[in-house]
Amino acid sequence: MSRSKRKWDHIQHALATGQNSNTGLEDIAFIHQSLPDAFLDQADLGTSIGELSLSSPIFINAMTGGGGEKTVQINRDLALAARSTGLAMAVGSQMSALKDPSEAESYRVVRKENPKGIIFGNLGSEATIDQAKAAVDMIEADALQIHLNVVQELTMPEGDRDFRGALKRIENIVSCSEVPVVVKEVGFGMNKETVSMLSSAGVTAIDIGGFGGTNFSRIENARRKRLLTFFDNWGIPTAVSIAEAASLKKDIAVIASGGIQTSHEIAKSIALGAGAAGMAGFFLKVLMKDGLEALIEEINNIHTELKVIMTALGAGNITQLQQLPIIISGRTHHWLNERDID
Ligand code: FNR
């Protein structure tokens, strides 16, 4: 199967299989505050991911590129939405364009449409130092995401089978990269031991890419007859994974993602310790079903709602939201208890 066909397949199946919505964020509750010392008009959504300053804690997470005219159009629209709303945006894996330069246009369009925006490049952990540099140069990226997607690869018949040496390659890329490197999962979550190893390798930001949203096991299983269905419910839920990563209290920025669809879920993710939240499948669905204007309106609404939530809780900025007390119940409480995480 051609790479281009696979990318279009992923988009179609991501839309068809949808988001699970069992991120564990339903187990998180804020404690109502009757005397919030806050003013809505002064709520500040600015945040940072390591060295990068962002005007919004939300970003459009990696999805596509390299799959023909349809993916050029999707990336163009996502870039226009990012420019209009001030969101950072990641492109999908650029490996195909490194192997076939004729595909680079579908990534470059993102920089062309949003010359001043914050844009993340994206490669897998098989990348070499030279490939990492080329991916950054291709789109003048402000940061580079390196994705870890072992379960997705194992579920794909044509996927990788040899995962040795990834940490060392990441360490080499980090030490040579001129832009910050963000290591991300793709919907199976990261445990605290993984985050600790990445931190020791010099990584300063991770996107936990938790379970509960877009599910690449379901997507791959839906594309063929041999089903590795035990992977369909495999992974660390987003809420648990944020708490695992944040519990390390290391100098590593924690980004939440995996199934996030609402302002309330973003606020809960930040209160669990994340500094920013990535959204992929939900934004794709809004764009494909309702179009670019609807996507821009949705993002603007989420920004407004986030400020409303922060004001109700008395948090004037993202740092204050991160420090608010929360109640953790149910499966998430159980998991964190088993793992000795407060
Ligand atoms: C993705 N994702 C992804 N991630 C990555 O690092 N490189 C990639 O090329 C892709 N490709 C891709 C295609 C499509 C169609 C989707 C929906 C997603 C994964 C994405 O960035 C994110 O980690 C997961 O989708 C989980 O977040 P959501 O979708 O639940 O918000």
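Sequential numbering from 1 along the given sequence is applied to the chain's residues. Order of appearance sets the numbers: ligands from 1, and atoms from 1 within every ligand.
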Can you give each donor-acceptor pair under 3.5 Å made by side-chain atoms of residues 119-128, sequence neighbours left out, with the distance rounded to 0.1 Å?
unit_1	atom_1	unit_2	atom_2	d
Asn122	OD1	His147	ND1	2.8
Asn122	ND2	Gln145	OE1	2.9
Thr128	OG1	Gln131	N	3.1
Thr128	OG1	Gln131	OE1	3.4

(request) Using the side-chain hydrogen bond (donor to acceptor under 3.5 Å, both in side chains) rule, collect all pairs that involve residues 174-188, keeping only residues at least two apart or in two chains. (result) none
(request) Might you list the protein residues in contact with ligand 1, defined as having a heavy atom under 4.0 Å from one of its atoms, sorted by chain and number? (result) His10, Ile11, Ala14, Gln19, Asn61, Ala62, Met63, Gly92, Ser93, Asn122, His147, Lys184, Glu185, Val186, Gly213, Thr214, Phe216, Gly258, Gly259, Met279, Ala280, Gly281
(message) One thing to verify: whether Asp142 and Lys116 come together as a salt bridge, which I'm taking to mean a side-chain N less than 4.0 angstrom from a carboxylate O.
(response) no
(request) Output yes when Glu171 and Lys168 qualify as a salt bridge under the 4.0 Å nitrogen-oxygen rule, no when they do not. (result) yes
(message) Tell me whether Arg223 is salt-bridged to Glu220, with the criterion being a basic N under 4.0 Å from an acidic carboxylate O.
(response) yes
(message) Tell me which pairs pass side-chain hydrogen bond (donor to acceptor under 3.5 Å, both in side chains) where either residue lies in residues 328-342, with sequence neighbours left out.
(response) Asp27-Thr332, Glu193-Arg339, Glu244-Trp335, Glu244-Arg339
